[in-house]
Structures are given as structure tokens and as C-alpha cells.
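Encoded as C-alpha cells, the structure appears first; notes follow it.
Only a predicted model underlies this, so the values are computations on that prediction, with no experimental measurement involved.
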Amino acid sequence: MWWNPSESGWGANIAHQGEIVFLSLYVYGVDSKVKWYVGPSLASQGGNNAYTFTGSVYETTGPYLGGPFNPTNVGIRQVGAATITFDGVNHANLNYSVDGANVFKSLERQTFRSNNLSGSYSGAELYTETGCSVNSGTYANFAQFVINQTGSNVSIAASASYGPLCTYSGTYVQEGRMGSIVGFFTCASGAGGTYRAYEIEAGHQGFVLRYTADYGDDCTEAGRMGGIK
């Protein structure tokens, strides 16, 4: 679910599968009554424009909800087109037209509930270290994670099959169905630095995230973590 927080009352649902985005808009017509429009097949433009999706927009009509549903009574009318460009995990620009009315909107993911990551997980790490004097390279390790979260304060203790125990502490921010953390990390080896975790998704079965870490002296790390409960 996406919206513009300064314009509460309308919004967009965006579902992404492969190279296709399915867009639905709940807005208002000239009579101030609710209107629904769908862009069921906005296609990625590929290459340097892989995060831009374009396609037709339609209005539908159909049988009354209180009676039997007859698919032959569904009508579809093309009313315009839409282009949506994602310029970040949590932000997109939407251009669309309906019957000659052209609209531009800035959108972000709508947050109505914050996840809690707390729990013990079994999973793995996959990461690449760059610019490090000793350990530069790509690694994949089985790992155990213990996450404690109280409010926006979160700590992740990651114990990998290769390497020391590292603890990542920071502030959690919910961004729609995803979250992010910015903070510091320390390892039992004495190493440490700053890190950012993003695209964090959590549920009753487990969690996944992407992250970047900076050890200082041009030594950086980028990778993924994930586990199941």
C-alpha cells in the first residue's frame, strides 16, 4: 500500500511480480465519489529504466455486490495510461492520466503497523568484503541470529559458522511492509563500525534483510542475512 502522507484519503496498491507491476488506484471523480482504476500490466522498461513501469489504465463496471456475480456483466474501458518510477526502496513517482486529466504524485509506502523482529533464528549470511587488508572476498555462512527489539531499539547478535560473533545495534524504522535500521556494530574480534540494514521483512516464520557495513579505512561489507524461527 502506497500513499502521499500529506494527502490522506486516497492511495495506491502496487503488486510486483517479475517485470510486471499491477497498480490499483482509489481516488475521487468530479462528483467527489470514490473511483477505482487499475493498471494490471505495467511493464518494466528494462536496462537503465528497469525501475520504471508503464502501461494502460482501465475503469471497470460490474454486477451489484448484493446479488449473484455474473462475469459477463463486467465492463472494461481504457481511460489512460500510467508510469511509475521507483527511485528508492520506500519512494516512487507516479504519472497517470484518466480521461484527459493528467496527474503527478510522489508516493511512499504506507505504514499502519510496526513489525517486531524479536526472536531466535537459524539461517545464513551472504556478503562481500571490499578494500579490506585481510578478508576481502565473498563469503557464505550458516548462522544463528538472536534479535531483541524494544520499541525502535533493536540489536541483532549474529553467530556465523565462520567468523566471530557480531552484534548490530540501532534504531528501527518501519516503511510499509519493510523496515530499516541505522546504527553501530561490534565483533568479538575487536572489529566494528557503522552499518545500515534495509529491505527488512519479518513475519511469524522468519526475517530477511540487506545491509552495508563500514569498518573504516576503506574496508566495507555488503550482503544479506536471513533466518527462520
TODO: Verify whether one side chain among Thr167 and Thr186 offers a donor that lies under 3.5 Å from an acceptor in the other.
DONE: no

- [ ] Take atom CZ of Phe112 as the centre, draw a 6.0 Å sphere, and report whether it contains more than 12 heavy atoms from other residues, nucleotides or ligands.
- [x] no

- [ ] Can you sort out the partners of Arg210 under salt bridge (Lys or Arg N to Asp or Glu O under 4.0 Å), two or more places apart, ordered by chain and number?
- [x] Glu199

Task: Approximate separation, where rounding is to 0.5 Å, of Trp36 CH2 and Thr61 OG1 - done: 16.0 Å

For residues 37-48, tabulate all N or O donor-acceptor pairs below 3.5 Å that involve a side-chain atom, not counting sequence neighbours.
from, atom 1, to, atom 2, distance (Å)
Ser44, OG, Gly46, N, 3.2
Ser44, OG, Ala50, O, 2.9
Gln45, NE2, Ala43, O, 2.8

Task: Heavy-atom neighbours of Gln78 CD exceed 12 at 6.0 Å - done: yes

- [ ] Could you tell me which residues satisfy ring-ring contact (aromatic ring centres under 6.0 Å, His included) with Tyr162, sequence neighbours excluded, listed by chain and number?
- [x] Tyr139

Using a 3.5 Å cut-off and no angle test, enumerate the donor-acceptor pairs between side-chain atoms of residues 119-127 and protein atoms at least two apart in sequence or in another chain.
from, atom 1, to, atom 2, distance (Å)
Tyr121, OH, Leu117, O, 2.6
Ser122, OG, Gln144, OE1, 2.9
Ser122, OG, Gln144, NE2, 3.4
Tyr127, OH, Asn141, ND2, 3.4

Open item on the list: I need the full list of disulfide bond (SG atoms under 2.5 Å apart) pairs touching residues 161-199, with sequence neighbours left out, sorted by first then second residue.
Closed with: Cys166-Cys187

Open item on the list: Quick one about Gln174 and Thr111 (side-chain donor to acceptor, distance below 3.5 Å, no hydrogens or angles considered), yes or no?
Closed with: no

Taking only distance into account, with no hydrogens and no angle test, what donor-acceptor pairs under 3.5 Å do side-chain atoms of residues 214-229 form with protein atoms, sequence neighbours excluded?
from, atom 1, to, atom 2, distance (Å)
Asp214, OD1, Gly216, N, 2.7
Tyr215, OH, Glu221, OE1, 2.9
Glu221, OE2, Tyr211, OH, 2.5

Side chains of residues 9-19: which donor-acceptor partners sit under 3.5 Å, not counting sequence neighbours?
from, atom 1, to, atom 2, distance (Å)
Trp10, NE1, Glu7, OE1, 3.0
Asn13, ND2, Ser24, OG, 3.4
His16, NE2, Gly18, O, 2.6

Task: Partner residues of Phe142 under the side-chain contact (heavy atoms from CB on, under 4.5 Å) criterion, sequence neighbours left out - done: Ser161

TODO: Please report the closest heavy-atom contact between Ser169 and Ser155, naming both atoms and the distance.
DONE: OG-CB, 3.7 Å

- [ ] With sequence neighbours left out, write down each residue that passes salt bridge (Lys or Arg N to Asp or Glu O under 4.0 Å) with Arg113, or none if nothing qualifies.
- [x] none

TODO: Tell me who clusters with Met178, hydrophobic residues only, linked when side chains sit under 4.5 Å apart either directly or through other members.
DONE: Val89, Tyr198

- [ ] Go through the structure and list residues passing salt bridge (Lys or Arg N to Asp or Glu O under 4.0 Å) with Arg177, not counting sequence neighbours.
- [x] Glu201

TODO: Would you check if the distance from the ring center of Tyr26 to the ring center of Trp3 is below 6.0 Å?
DONE: no

TODO: Please test Val74 against Phe69 for side chain to side chain contact (heavy atoms under 4.5 Å, CB included), starting from the C-alpha separation and ending with a verdict.
DONE: CA-CA 9 Å; Val74 175; Phe69 188 87; 3.7 Å; yes

Task: pair Val154-Thr171: side-chain heavy atoms closer than 4.5 Å - done: no

Task: Inter- and intrachain pairs under salt bridge (charged side-chain N to carboxylate O under 4.0 Å, His left out), touching residues 70-97, at least two apart - done: Glu59-Arg77, Arg77-Asp99

TODO: Could you verify whether a donor N or O on one side chain and an acceptor N or O on the other, from Thr52 and Thr85, lie under 3.5 Å apart?
DONE: yes

Task: Flag side-chain contact, heavy atom, 4.5 Å: Leu94 against Tyr96 - done: yes

Open item on the list: Within the structure provided, determine whether Val182 and Thr194 are in side-chain contact (heavy-atom separation under 4.5 Å).
Closed with: no

